[in-house]
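Have a look at the structure below, then the notes.
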Amino acid sequence: MRQARLAGLVLACGLLIWRMPPAHAESMTLSQCLDAAMAHNAMLRAAGHEIDAKDYERKSVRGRFGPVVKADANVLFWQDEQVIDLGFGALGDIFGELLADPIIQGMLTPETLAQAGDLQNMETALVAREQITYGVKLTVAQPLTPLYKVYSGYWAAGELADAARQDRAKARHDLQVDVVRAFIGLVTATRMMETAEAGLAQIEAYEKQVQAYLDAGLVERNALLKVRVAKAEIQKGAFQADKGRKLARAGLNLYMGRPLDRPIEPAYNFDDPAETRSAGSLEETQRAALRNRPDLLSLRHKSEAARAGKHAAIAAMLPDINAVFMYENNQGLGAFQQESVYYGGFVLSWNLWEWGATYYQIKAAESREAQIRAGLEALDDGVRLDVQSKRLDAEEAEKSLAVARAQQAEAAESLRIEQARFEAQDATTTDLLEAQTAALRAENGLTVSMMKLEEARYALRVSLGEDLTAVEKEERNATR
């Protein structure tokens with residue numbers, strides 16, 4: 001008997017601890033969870049860096065439109081200077097002999113004699129290159145026909161940057177769906193735990209009542225055993241709900257970039273669920289999805305990028321014509337090299353024959369463009385089907401919720417009747433426990449149906465290309 005009391009005390013303490021809410025649990029609404037996930041999720045940050053990279057690549061291509069200015073400089077050290085002998089040494093000797101003849105001297109004027117002397121003393125060698133030379137060169141090249149290829153690349157880079165933005169929007173939508181699913185799972189598990197706690201409190205009251213009836217001999221001998229078996233089943237359900245709550249909490253914290261075990265209490269009012277917004281006809285919602293779905297928009301941008309890539313491949317077959325201007329200054333290269341030169345003009349380069357290499361690049365680009373177009377058509381059909389499926393899910397969830405509400409009301413009324421009959425000794429313990437089990441099952445079924453409807457509504461919004469954070473803000477502003 002003492003061991004049984006000790007076991008009961010341990011069980012009671014365990015239930016008390018289990019029922020206590022987490023210390024300092026943060027109460028968060030779905031909107032707050034969505035905002036936190038959008039601000040702190042690592043995958044969204046990675047997608048943002050991809051957008052930055054695409055934007056920088058586009059700016060890099062844009063720089064190819066203007067002229068390219070290139071500067072070169074050099075300083076060279078040679079083993080020695082280079083000298084060229086002009087071969088004037090023999091002429092100097094001949095002039096010297098002539099000038100020494102008195103007859104020649106008498107025939108020449110003083111000015112002529114001076115000039116002849118200069119010719120005799122003329123240098124017979126020139127420096128063609130000094131031992132140290134240096135120079136600078138400035139080249140300005142403006143592409144002309146290559147601008148077609150540059151434009152195609154810039155076009156493709158811009159489309160890919162826009163596609164990256166839509167990919168990030170798609171990642172946002174996927175994350176929002178995950179956050180909604182985790183939040184709803186946390187709400188569902190929390191609600192089921194509350195239901196289990198109420199059921200445990202109720203069955204504990206039954207246990208006392210049955211014990212009193214058993215002591216008075218008013219119920220069957222195994223009545224108390226039946227109550228305890230039913231109590232164990234409720235406890236098992238509570239443990240499962242607690243496990244589900246912990247998993248949902250960990251997932252929600254993960255999406256928000258927080259420690260997985262950080263306590264969260266979901267703020268959700270079961271008495272005032274969100275109303276279903278009118279989404280319009282099926283055709284209207286499908287058209288809205290085709291306009292707004294980020295996965296579709298991304299693929300459309302990629303299709304344009306593929307078309308730009310085809311034009312870039314075509315441009316590669318054209319001759320390269322560039323306008324050029326060059327200025328060059330060299331020092332130390334001797335008398336035969338002009339120190340400063342400049343010139344300008346046009347330069348043409350064209351691969352006349354390359355065995356079809358560029359041609360087949362065009363064909364490959366055309367095939368990629370056709371591939372993306374075909375994928376875009378398939379995705380259009382998939383989006384239409386997805387919208388229809390989400391609408392049907394929401395409609396089914398609404399109908400199921402109506403049935404679940406009716407079942408819950410009927411089960412609650414049945415339990416009330418069985419309680420009254422049991423107190424009047426007109427019903428057995430089995431009848432009472434079956435009614436209570438049905439009531440708990442109906443209560444949980446109502447919770448699940450309500451949460452499935454919430455999840456279906458949000459899933460439908462995302463399938464239409466709506467951003468849930470913007471939707472939530474609009475609804476909060478509308479209720480103020």
In terms of heavy-atom contacts, does [atom1] of [X] have more than 12 from other residues, nucleotides or ligands at under 6.0 Å?
X: Arg258; atom1: CZ; result: yes
X: Lys149; atom1: NZ; result: no
X: Met43; atom1: CE; result: no

Check whether any side-chain heavy atom of [X] lies under 4.5 Å from a side-chain heavy atom of [Y], and answer yes or no.
X: Val448; Y: Thr188; answer: yes
X: Glu455; Y: Phe183; answer: no
X: Leu464; Y: Val387; answer: yes
X: Tyr458; Y: Leu30; answer: yes
X: Glu339; Y: Gln331; answer: yes
X: Thr139; Y: Val69; answer: no
X: Arg168; Y: Glu50; answer: no
X: Asp35; Y: Met28; answer: no

Cationic N near anionic O, under 4.0 Å, [X] to [Y]:
X: Arg165; Y: Asp162; result: yes
X: Glu159; Y: Arg307; result: no
X: Asp55; Y: Lys59; result: no
X: Arg457; Y: Glu454; result: yes
X: Glu369; Y: Arg373; result: yes
X: Arg262; Y: Glu26; result: yes
X: Lys302; Y: Asp167; result: yes
X: Arg384; Y: Asp381; result: yes
X: Lys452; Y: Glu398; result: no

Roughly how far, to the nearest 0.5 Å, is [atom2] of [Y] from [atom1] of [X]?
X: Cys33; Y: Gln176; atom1: SG; atom2: CD; answer: 12.5 Å
X: Met192; Y: Asp242; atom1: CE; atom2: CG; answer: 13.5 Å
X: Arg368; Y: Gln371; atom1: CZ; atom2: CD; answer: 9.0 Å
X: Gln408; Y: Leu401; atom1: CD; atom2: CG; answer: 11.0 Å
X: Leu376; Y: Ile372; atom1: CG; atom2: CD1; answer: 9.0 Å
X: Ile264; Y: Thr190; atom1: CD1; atom2: OG1; answer: 10.0 Å

Determine, stepwise, if the pair Thr469 / Arg172 fulfils side-chain hydrogen bond (donor to acceptor under 3.5 Å, both in side chains).
CA-CA 10 Å; Thr469 56; Arg172 281 177 60 91; 3.2 Å; yes

With a 3.5 Å distance limit and no angle check, can you tell me whether [X] reaches the backbone of [Y] through a side-chain donor-acceptor pair?
X: Asn322; Y: Ala141; result: no
X: Thr145; Y: Pro319; result: yes
X: Thr285; Y: Ser281; result: yes
X: Asn41; Y: Tyr255; result: yes
X: Arg45; Y: His40; result: yes
X: Ser463; Y: Leu460; result: yes
X: Arg249; Y: Leu186; result: no
X: Asn330; Y: Gly135; result: no
X: Ser60; Y: Tyr56; result: no
X: Gln32; Y: Thr29; result: yes

Please report the closest heavy-atom contact between [X] and [Y], naming both atoms and the distance.
X: Gly66; Y: Gln142; value: C-OE1, 3.4 Å
X: Ala37; Y: Leu175; value: O-CD2, 3.8 Å
X: Ala316; Y: Thr358; value: CB-CG2, 3.7 Å
X: Gln131; Y: Gln79; value: NE2-O, 3.5 Å
X: Glu130; Y: Trp78; value: O-CD1, 3.7 Å
X: Gly465; Y: Pro294; value: CA-CD, 4.4 Å

Run Glu466 and Val462 through side-chain contact (heavy atoms from CB on, under 4.5 Å) and show every step you take.
CA-CA 5 Å; Glu466 296 181 4; Val462 173; over 6 Å; no

May I ask you to decide if the ring planes of [X] and [Y] are parallel, tilted or perpendicular, using 30° and 60° as cut-offs?
X: Tyr154; Y: Phe65; value: perpendicular
X: Trp355; Y: Trp353; value: perpendicular
X: Tyr342; Y: Phe325; value: tilted

As a quick check of understanding, evaluate side-chain contact (heavy atoms from CB on, under 4.5 Å) for Phe346 and Leu348, giving each step before the final call.
CA-CA 7 Å; Phe346 299 93; Leu348 182 145; over 6 Å; no

Side chain to side chain donor-acceptor pair (under 3.5 Å) partner of Asp386, chosen from Gln286, Arg391, Arg293:
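Passing option: Arg293.
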
Run Tyr151 and His311 through side-chain contact (heavy atoms from CB on, under 4.5 Å) and show every step you take.
CA-CA 9 Å; Tyr151 169 76; His311 284 275; over 6 Å; no

The single option from Asp295, Asp467, Leu468 passing side-chain contact (heavy atoms from CB on, under 4.5 Å) against His173:
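The single option meeting the side-chain contact (heavy atoms from CB on, under 4.5 Å) with His173 is Asp467.
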
Might you work through the side-chain contact (heavy atoms from CB on, under 4.5 Å) test for Glu395 and Leu392, ending with a clear yes or no?
CA-CA 5 Å; Glu395 292 173 2; Leu392 292 175; 3.7 Å; yes

